[in-house]
Amino acid sequence: MKAFRLDELEAERAANDGAYLQFLRERNMSVGLYALTAGQLDPQQPHRQDEVYLVVSGRAAITVGEETTEVARGSVVYVPAGTPHKFHHISEDLRVMVVFSPPEG
């Protein structure tokens with residue numbers, strides 16, 4: 001079994017000075033924790049993998065393709081592979097669990 005605690009993952013991500021921490025990689029998927037601070041711009045580009053975002057904390061908007069929605073703790077968003085997407089109008093520090101399938105990179 002592989003089990004994780006969000007507080008420990010957040011501490012590891014912060015210690016590595018990165019916005020993204022991949023903490024699980026398997027044959028058909030990878031999972032990571034993505035962090036953006038309030039007011040920060042989201043630099044990501046479209047990915048070759050399908051993605052699912054689960055908002056752990058914070059508030060923002062996300063645009064996927066031509067559609068925009070508000071997200072907060074508990075929101076789940078699916079992003080098809082190759083689709084432009086960005087978080088924006090981040091009003092509270094955002095922590096998002098990201099599942100890529102197949103694995104990222």
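Only heavy atoms go into these numbers, but all of them, side chains included; no hydrogens, no water, no symmetry mates.
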Minimum side-chain heavy-atom gap V79-D50 below 4.5 Å: no
Would you say V52 and V76 make side-chain contact, with heavy atoms under 4.5 Å? yes
For F4, what residues pass the ring pair (Phe, Tyr, Trp, His ring centres under 6.0 Å) criterion, not counting sequence neighbours? F23
Supply the members, apart from L41, of the Ile/Leu/Val/Met/Phe/Trp/Tyr cluster built from side-chain contacts under 4.5 Å; use none for a lone residue. none
Summary of salt bridge (charged side-chain N to carboxylate O under 4.0 Å, His left out) pairs that have at least one residue in residues 55-68, sequence neighbours excluded: R59-E92
Scan for salt bridge (charged side-chain N to carboxylate O under 4.0 Å, His left out) pairs involving residues 68-91, sequence neighbours excluded, and state none if there are none. none
Looking only at non-hydrogen atoms, find the nearest pair between [X] and [Y] and report the distance.
| X | Y | result |
| --- | --- | --- |
| Q44 | H47 | OE1-NE2, 3.0 Å |
| A60 | L94 | CB-CD2, 3.9 Å |
| P43 | L36 | CD-CD2, 4.4 Å |

Spacing of T69 atom OG1 and I62 atom CD1 [to the nearest 0.5 Å]: 9.0 Å
Rounded at 0.5 Å granularity, tell me how far CG in L24 sits from CG in L33. 13.0 Å
Sequence neighbours left out, what pairs pass ring pair (Phe, Tyr, Trp, His ring centres under 6.0 Å) with at least one residue falling in residues 59-84? none
Looking only at side chains, do E51 and Y53 share a donor and an acceptor under 3.5 Å apart? yes
Checking R5 now: which residues fulfil salt bridge (Lys or Arg N to Asp or Glu O under 4.0 Å) with it, not counting sequence neighbours? D7, E8
Taking salt bridge (Lys or Arg N to Asp or Glu O under 4.0 Å) as the definition, give me every residue that meets it alongside E26, ordered by chain and number, with sequence neighbours left out. K2
Contacts of type side-chain contact (heavy atoms from CB on, under 4.5 Å), residue T63, not counting sequence neighbours: T68, H88
R13: which residues meet the side-chain contact (heavy atoms from CB on, under 4.5 Å) condition with it, sequence neighbours left out? E10, L21, A35, R95
Quick check on the hydrophobic clustering: are V64 and F87 connected, directly or via other members, by side-chain heavy-atom contacts under 4.5 Å? yes
Can you give me every donor-acceptor pair (side chain of residues 96-105, partner residue at least two apart or in another chain, under 3.5 Å) with its distance?
unit_1	atom_1	unit_2	atom_2	d
S101	OG	N28	O	2.9

Considering only residues two or more places apart or on different chains, which pairs with a residue in residues 29-39 satisfy side chain to side chain donor-acceptor pair (under 3.5 Å)? Y34-D42, T37-Q40
